[in-house]
Amino acid sequence: MAEGGEVRAWEELIPDALGLIFRNLPLQEILSVIPRVCKSWSRTVSGPYCWQEIDIDEWSQRCKPEQLDQMLHMLIDRSCGSFRRLSVSGLHTESMFTFIADHAGSLQRLELPRSEMNDSIAELVAPKLCNLTYLDVSYCSKISARAIEAFGKHCRSLVVFRRTMHPAEVLRDFDCHEEEAYAIAKTMTKLCHLEMSYQPLTTRAIIEILSKCRNLKYLDLRGCWDVKLDEKYLKERHSSLKVLGPDIVDRYEQSFWNDCADSYSDSSVYSWEFMDDDEEGYEEAFDDDVIWENENGIQLDGFQVRFYGGGFSDVITGFDWPPSP
């Protein structure tokens with residue numbers, strides 16, 4: 001710093017500004033490094049300022065189910081009902097779906113790929129998700145046209161819907177998903193962006209979607225090999241529509257995806273602990289095990305953390321953090 005230069009007191013920034021900055025950091029750093037810098041930063045991370053957008057998709061693909069539930073409870077509680085986006089993979093319990101829906105007053109973008117949601121759960125939570133504009137239920141093999149119709153009826157503002165499946169699912173499931181396409185055409189007429197790649201669909205079902213969803217600008221049909229759309233028809237009737245697929249994947253790529261499906265695993269070595277939201281716990285944060293409990297006093301067993309700057313490397317194992325910049 002130049003001599004006589006002004007010293008910037010970062011800890012004095014208002015929480016909203018700090019929250020905007022912290023959102024650009026990896027999840028691990030927000031939860032386990034930032035709270036130990038100072039009281040101001042700890043309060044910011046413990047409040048709703050960092051959690052209007054909750055994106056734990058990458059982490060959730062590697063964690064244990066009980067860890068995922070604990071993480072979601074903690075972050076949604078911290079958001080105080082203000083979260084606008086939630087991205088999480090592999091959600092598995094009905095209680096978590098209902099917990100999310102009960103706190104979804106501000107939720108606009110919901111991404112639940114690879115979840116264990118079924119039709120009954122979808123019909124239960126859909127009425128509470130009326131503000132959604134973006135919904136991703138890709139790779140959710142337990143839902144059908146019933147669930148899609150429920151979302152369409154109650155989420156009337158949907159403009160983006162993602163229902164992509166894995167190529168291996170197409171080879172295993174020869175049943176046509178025509179009813180899902182008709183449910184979309186019937187209830188999601190405001191869609192601008194639709195992804196239905198790698199699904200056993202018919203040309204007739206896609207034509208029905210095009211005739212009802214007049215605002216569509218993008219349609220992903222990769223891997224829907226039974227769909228045959230006439231280029232002249234698309235130019236005349238849907239000139240502003242961009243269609244991706246169906247014939248875009250060759251046999252080599254199909255084999256690659258099948259191999260990936262066979263070797264896929266949810267196991268992981270990534271783990272860390274979380275800091276308690278209680279401001280009073282900050283004073284003794286370095287030697288009091290209470291800080292590793294969540295808001296409800298539940299010990300978050302099994303999480304591990306490694307901090308920058310040394311001091312913990314001899315006793316902390318697990319995720320291999322990169323050197324401090």
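Every value quoted in this text rests on a predicted model; they were computed, and no experiment measured them.
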side-chain contact (heavy atoms from CB on, under 4.5 Å) between Leu194 and Leu216, intermediate numbers included: CA-CA 8 Å; Leu194 175 61; Leu216 268 183; 3.9 Å; yes
Basic-acidic side-chain contact under 4.0 Å: Arg204, Glu178: yes
Lys232 with Asp230: basic N within carboxylate O range, under 4.0 Å: no
Would you check if [X] and [Y] make a side-chain contact, meaning some heavy-atom pair closer than 4.5 Å?
X	Y	value
Leu191	Val160	no
Leu86	Val88	yes
Leu135	Leu129	no
Phe99	Asp69	no
Tyr198	His166	no
Ile100	Val125	no
Arg109	Ser87	no
Tyr182	Glu149	no

Which heavy atom of [X] sits nearest to which heavy atom of [Y], and what is that distance?
X	Y	value
Phe151	Ala122	CE1-CB, 3.8 Å
Tyr134	Leu158	N-CD2, 3.7 Å
Arg146	Glu123	NH2-OE1, 2.7 Å
Lys217	Ser240	NZ-OG, 3.4 Å
Ser79	Ile76	OG-O, 2.7 Å
Ala181	Leu201	CB-CD2, 4.3 Å

To the closest 0.5 Å, what do you measure between [atom1] ([X]) and [atom2] ([Y])?
X	Y	atom1	atom2	answer
Tyr233	Thr203	OH	OG1	11.0 Å
Gln108	Glu53	CD	CD	10.0 Å
His193	Thr133	NE2	OG1	12.5 Å
Arg78	Ile54	CZ	CD1	10.5 Å
Ile207	Lys212	CD1	NZ	12.5 Å
Met71	Ile56	CE	CD1	5.5 Å

Taking atom types as modelled and ignoring hydrogens, do the side chains of [X] and [Y] form a donor-acceptor contact shorter than 3.5 angstrom?
X	Y	value
Gln52	Ser82	yes
Asp226	Thr202	no
Ser197	Thr164	yes

Side chain to side chain contact (heavy atoms under 4.5 Å, CB included) partner of Phe97, chosen from Leu112, Leu124, Asp102: Leu112
Over 12 non-hydrogen atoms of neighbours within 6.0 angstrom of NZ in Lys190: no
Please answer whether the main-chain N or O of [Y] pairs with a side-chain N or O of [X] as donor and acceptor at a distance below 3.5 Å.
X	Y	answer
Thr98	Glu94	yes
Ser239	Glu236	no
Asp136	Phe161	no
Arg163	Cys140	yes
Lys228	Trp225	yes

Step-by-step side-chain contact (heavy atoms from CB on, under 4.5 Å) determination, Arg85 to Glu111: CA-CA 8 Å; Arg85 177 193 177 192; Glu111 302 162 58; 2.8 Å; yes
Chi angles and distances behind the side-chain contact (heavy atoms from CB on, under 4.5 Å) call for Asn215, Thr189: CA-CA 8 Å; Asn215 295 327; Thr189 56; over 6 Å; no
Check against side-chain contact (heavy atoms from CB on, under 4.5 Å), His154 and Cys130: CA-CA 5 Å; His154 296 283; Cys130 56; 5.6 Å; no
Single-linkage hydrophobic cluster Val159~Val243, side-chain heavy atoms < 4.5 angstrom: no
Common cluster, Tyr139/Ile143, ILVMFWY with side-chain heavy-atom separation under 4.5 Å: no
